[in-house]
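Report on one structure; see the data block that follows.
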Amino acid sequence: GRNIQLQLLSKSPKLLANTLGGTGAFLNARRLIHSDVPSEMLMIGGGHLLSDEYLNFPAKLNVLSRRLERRPTAIVGVGADPDTVWPARAMLRNAFRRMDIRHLGARDDLTADLLSELVPDHPIETYPDIAVTLFDQFRNRSPSYQFGFVPAGPTSSHYRSSRRAPGELQAWWLRSITAAAEIGMVRVFTNGSVEDEDFKALLQVHELPNVVVSERPSTPQELLDMISSCERLVAQRLHAILPATVGGAQVVAVDPNSS
């Protein structure tokens with residue numbers, strides 16, 4: 001259902017997509033927090049948390065802040081769009097005004113600038129992605145796989161306006177993994193995204209010779225261990241590309257929009 005919704009939104013004009021997406025996020029958030037959340041503190045984090053794509057997170061945070069008004073809140077390592085539209089800024093500004101913010105953290109200077117506009121006079125800590133800060137724990141390990149593949153599902157690709165059909169992406173990943181398995185040992189895994197895990201299962205490469213399909217990583221350290229076990233890595237998401245590059249692996253970054 002969510003895959004179909006995102007595909008429809010990606011093909012709609014931005015104003016219509018924002019209106020429909022924001023309405024859907026608002027309704028989903030109301031359903032998710034219909035009952036009280038028995039917690040003393042709220043922690044919010046995410047790479048694209050302040051993204052205004054379809055007004056998804058701004059609408060959810062706006063509803064959440066009404067339900068949990070004045071709940072002590074920590075906002076950790078969030079990222080932002082460079083061109084956040086005014087409805088998203090208004091939603092986020094109102095949401096943050098209702099929260100009792102105890103910590104405000106951004107993953108880059110761009111996001112810190114936006115947060116300083118939305119939450120004036122509040123100290124903001126800027127720190128890099130955890131994948132970068134932890135690279136020294138694995139960069140000198142000896143890889144046990146010649147190739148690592150980190151496939152991303154069609155939902156991710158359509159979200160980034162890919163022109164590729166889901167069937168094309170699936171066929172490409174399958175061909176690439178099969179070809180690599182003829183050369184050496186291959187490890188297939190994801191960054192933990194539910195959509196990517198479903199897509200990994202659709203590839204049905206677990207019975208191919210020389211291919212090991214790993215379980216979903218449950219912690220950042222598990223994901224880093226998987227990445228560091230591969231001499232070469234083929235990936236679409238930055239969660240895999242950045243730490244692998246810093247760690248010294250040979251990386252092929254997949255752009256679903258290219259040929």
Side-chain angles (χ1 to χ4, degrees), residues 3 45-48 76-77 79 107-108 127-160 162 164 166-259:
N3 288 5
H48 287 288
V76 183
R107 71 175 186 178
D108 52 48
Y127 37 79
D129 190 281
I130 188 173
V132 177
T133 60
L134 294 180
F135 82 93
D136 57 340
Q137 296 187 18
F138 68 88
R139 73 179 302 175
N140 295 320
R141 293 182 185 178
S142 299
S144 51
Y145 296 89
Q146 280 73 47
F147 300 94
F149 283 83
V150 190
T155 300
S156 164
S157 301
H158 279 283
Y159 188 71
R160 290 163 179 78
S162 171
R164 298 291 178 186
E168 288 184 87
L169 292 171
Q170 183 175 341
W172 185 89
W173 283 104
L174 181 57
R175 287 197 307 270
S176 301
I177 293 171
T178 302
E182 295 177 356
I183 301 174
M185 289 298 297
V186 174
R187 186 173 196 176
V188 181
F189 57 95
T190 75
N191 72 340
S193 163
V194 175
E195 290 87 357
D196 291 358
E197 281 289 315
D198 292 342
F199 184 66
K200 182 186 72 176
L202 283 176
L203 294 176
Q204 296 183 340
V205 295
H206 59 279
E207 294 184 355
L208 291 176
N210 296 331
V211 174
V212 173
V213 180
S214 299
E215 296 293 327
R216 179 185 184 187
S218 58
T219 65
Q221 187 61 57
E222 285 186 16
L223 176 60
L224 292 174
D225 289 341
M226 292 179 184
I227 294 171
S228 66
S229 71
C230 304
E231 184 177 348
R232 305 171 185 86
L233 199 76
V234 180
Q236 179 177 323
R237 292 188 183 274
L238 288 177
H239 302 78
I241 294 171
L242 286 178
T245 302
V246 175
Q250 299 178 26
V251 179
V252 176
V254 177
D255 178 6
N257 286 314
S258 70
S259 57

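For the atom pair Lys200 NZ and Trp173 CH2, the distance stands at 13.0 Å (nearest 0.5 Å). Distance check: Gln250 CD to Thr245 OG1 gives 11.0 Å after rounding to the nearest 0.5 Å. Atom-to-atom distance recorded for Ile177:CD1 and Leu208:CG is 8.0 Å, nearest 0.5 angstrom. One finds the CD atom of Glu215 at 10.0 Å from the OG1 atom of Thr190 (value rounded to the nearest 0.5 Å). Distance CG/Asn210 to CD/Glu182: 9.5 Å, rounded to 0.5 Å. Annotation: the span from Ile227 atom CD1 to Arg187 atom CZ amounts to 10.0 Å, rounded to 0.5 Å.
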For residues 143-150, which side-chain donor-acceptor pairs fall under 3.5 Å, sequence neighbours excluded?
{"residue": "Gln146", "atom": "OE1", "partner": "Met185", "partner atom": "N", "Å": "2.8"}

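The shortest heavy-atom contact between Asp225 and Ser228 is O-OG, 3.0 Å. Residues Ala244 and Val251 share a closest heavy-atom pair of CB-CG2, 3.7 Å. The shortest heavy-atom contact between Asp196 and Ala152 is OD1-CA, 3.5 Å. Closest heavy-atom contact between Ala181 and Pro209: CB-O, 3.5 Å. Across all non-hydrogen atoms, the minimal contact from Gly79 to Arg107 is CA-NE, 3.7 Å. Here the shortest heavy-atom pairing between Leu238 and Pro243 reads O-CD, 3.7 Å.
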Does the pair Ser193 and Glu195 meet the rule for a side-chain hydrogen bond (donor to acceptor under 3.5 Å, both in side chains), with working shown?
CA-CA 5 Å; Ser193 163; Glu195 290 87 357; 3.1 Å; yes
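Checked options Val213, Val211, Val212, Val188; the residue passing with His206 is Val213 (criterion: side-chain contact (heavy atoms from CB on, under 4.5 Å)).
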